[in-house]
Amino acid sequence: MAQLKSISAFSSSNLAFHGPKRESFPYHGKVCCPGKLSSFQELGARKSELQGNAFAVSSGNGSVTRAHDKQVIRAVLPSYSETEVSGSTKERGLRGKLNKVVLAYSGGLDTSVIVPWLRENYGCDVVCFTADVGQGLKELEGLEKKAKASGASQLVVKDLKEEFVKDYIFPCLRAGAIYERKYLLGTSMARPVIAKAMVDVAKEVGADAVAHGCTGKGNDQVRFELTFFALNPKLNVVAPWREWDITGREDAIEYAKKHNVPVPVTKKSIYSRDGNLWHLSHEGDILEDPENEPKKDMFMLTVDPEDAPNEPEYVDIGIISGIPVSVNGENLSPASLLDHLNQIGGRHGIGRVDMVENRLVGMKSRGVYETPGGTILFAAARELESLTLDRETMQVKDSLALKYAELVYAGRWFDPLRESMDSFMEEISKTTTGSVTLKLYKGSITVTSRKSPYSLYRQDISSFESGDVYDQADAAGFIRLYGLPIRVRAMLDS
């Protein structure tokens, strides 16, 4: 059995203030997309014995492949005869013929049954792909065995944490992208980095198709497939939930038994959750009624503000050209910086959001989000901009940020419009350099200090004292000219 050592997105000590420990829960009637967690105890999983962003996968022949940062970790599984996986065939399947399919794989019930379903219906070889975007890798334990039992020929794992934060989260932070006033785009940003990695893997293994386990009701199907279209329009895309006759958990269990796929023996979760290094979301159960208050024990990354420490904590965020680089004077890699702030913000109850949002497919949905580190970073970035951006630039930036957020939410990360807008955001943020000190206290963030070498704030001008730069007498002429349209209208009315 493969031993997979993983790095948790959040340290075990960070769970000290969480609700009581729970057993792991899979989804009920929902699909596990990459990053969609079937169990959230892994958010408090042990730190890896390895350093940095590396973890190891032991393959069936006893060899171990290590990877650092964005490098691939691959567990190669042996080929299987047609009798070993029911429905497997080298000929045309029930729905057509594909050569090799890269499947976004979580190891849960849904993606486990997709493996034999693809083999049966498309007569194809299936390569399972799993991405680490900081959701906690304890869920990878036993993943090789599950993939093998389901009939996969190969398991590929990529550590995408640094790429996710550096190339997706930080650009959105710099742009000030917030969807519908509250949502900090945690799931929206994760999908394109995962889908991009799938396209890369498809090229590496010579696949002619990709597949995902997203349902036909959600946003994720759009986010995955628009990325596939943008990066390799020749790839075939298979979305089983839009094709098969499986309608829920019981159907999936029966299909798994029929095809000799081990069924995960876990209790079903009352919530649908998605987690990564940026956030943790909660949907379903009592949250489906917007009148219901979330239960206290639902939250897993943040302490209840009422139970937070009675003493405030100060945190200093260093920013260069709109991108965070340090916490309390310590320079950190993008993923490490965010991980550190998640722990700090979590223990003070920072970053809880309860909102009703408009899904891309047209329906409204209610979700509760925990984004402790991200909320701290947004507060710091905006406050620094108050020093470094002039009024007109700030207004234009804020207006474009709304469109930027809509594009990201809709899965159009690789759209030329978003890329062009990002170039604008990068250009106007060149002087957004400095530091901001924030006070965290029982769920609130208060700015206590901000400074920048490019600050447009001049104390000698802003002071009530007279100065050489600003002559108060000049204000009379300015007011007369500025108010001219008002005066003319009043003269016309009279």
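Here the structure is a predicted model, which is why all the values come from computation and not from measurement.
- Taking CD from Glu392 and CD from Gln395, the interatomic distance works out to 5.0 Å, rounded to the nearest 0.5 Å.
- The existence of a salt bridge linking Arg191 and Asp274 is confirmed by a sub-4.0 Å separation between a basic side-chain nitrogen and an acidic carboxylate oxygen.
- Inter-residue side-chain proximity for Leu377 and Leu337 is flagged as met; some heavy-atom pair is nearer than 4.5 Å.
- Annotation: side chain of Thr375 is not in contact with side chain of Phe378 (no heavy-atom distance under 4.5 Å).
- The aromatic rings of Tyr369 and His279 sit parallel, their planes meeting at an angle under 30°, below the 60° perpendicular limit.
- Side-chain atoms of Thr302 and Arg352 form a donor-acceptor pair, as typed in the model, at a separation below 3.5 Å.
- The salt bridge (Lys or Arg N to Asp or Glu O under 4.0 Å) test applied to Lys196 returns Glu163, Asp200, not counting sequence neighbours.
- Donor-acceptor pairing under 3.5 Å is recorded for the side chains of Lys442 and Asn310.
- The shortest non-hydrogen separation linking Gly374 to Leu338 is N-CD1, 4.0 Å.
- Partners of Asp307 by salt bridge (Lys or Arg N to Asp or Glu O under 4.0 Å), not counting sequence neighbours, listed by chain and number: Lys296.
- The heavy-atom pair separating Ile350 from Ile376 by the smallest distance is CG2-CG1, 4.1 Å.
- Arg489 is linked by a salt bridge (Lys or Arg N to Asp or Glu O under 4.0 Å) to nothing, counting only residues two or more places apart in sequence or in another chain.
- When all heavy atoms of Leu173 and Pro324 are compared, the pair lying nearest together is CD2-CG, 3.4 Å.
- Residues Asp422 and Arg174 are paired through a salt bridge, judged by an N-O separation under 4.0 Å between the basic side chain and the carboxylate.
- Within a 6.0 Å sphere centred on CD1 of Ile320, other residues, nucleotides and ligands contribute 12 heavy atoms or fewer.
- Remark: Ile194 CD1 to Met189 CE distance equals 12.0 Å, nearest 0.5 Å.
- Defined by atom type and a distance below 3.5 Å, a donor-acceptor pair is present between the side-chain atoms of Thr432 and Thr388.
- Two residues are said to be in side-chain contact when any heavy atoms from C-beta on lie closer than 4.5 Å; Pro171 and Tyr404 meet this criterion.
- Val315 has its side chain within reach of Leu341: a pair of non-hydrogen atoms, C-beta onward, lies under 4.5 Å apart.
- Considering only heavy atoms from C-beta on, Asp159 stays 4.5 Å or farther from Val157 through its side chain.
- Figure legend: cation-pi geometry between Arg223 and Tyr409, with NZ or CZ positioned under 6.0 Å from the six-membered ring centre and within 45° of its axis.
- When only modelled atom types and interatomic distance are considered, Ser106 and Thr111 share a side-chain donor-acceptor pair under 3.5 Å.
- Between the CG atom of Leu407 and the CG atom of Leu185 there is a distance of 10.5 Å, given to the nearest 0.5 Å.
- Aromatic ring pairs are classed by plane angle as parallel below 30°, tilted from 30° to 60° and perpendicular above 60°; the pair Phe478 and Tyr482 is parallel.
- Considering OH of Tyr183 and CE of Met355, their distance stands at 9.0 Å, rounded to 0.5 Å.
- Between Arg359 and Glu283, at least one side-chain nitrogen of the basic residue sits less than 4.0 Å from a carboxylate oxygen of the acidic one, meeting the salt-bridge criterion.
- Heavy atoms only, all atoms of each residue included: Gly176 and Ala401 are closest at O-CB, 3.5 Å.
- From Tyr441, atom OH reaches atom OG1 of Thr446 across 11.0 Å, with rounding to the nearest 0.5 Å.
- Note on ring orientation: taking the six-membered ring where Trp is involved, the planes of Trp244 and Trp241 are perpendicular (angle over 60°, cut-offs 30° and 60°).
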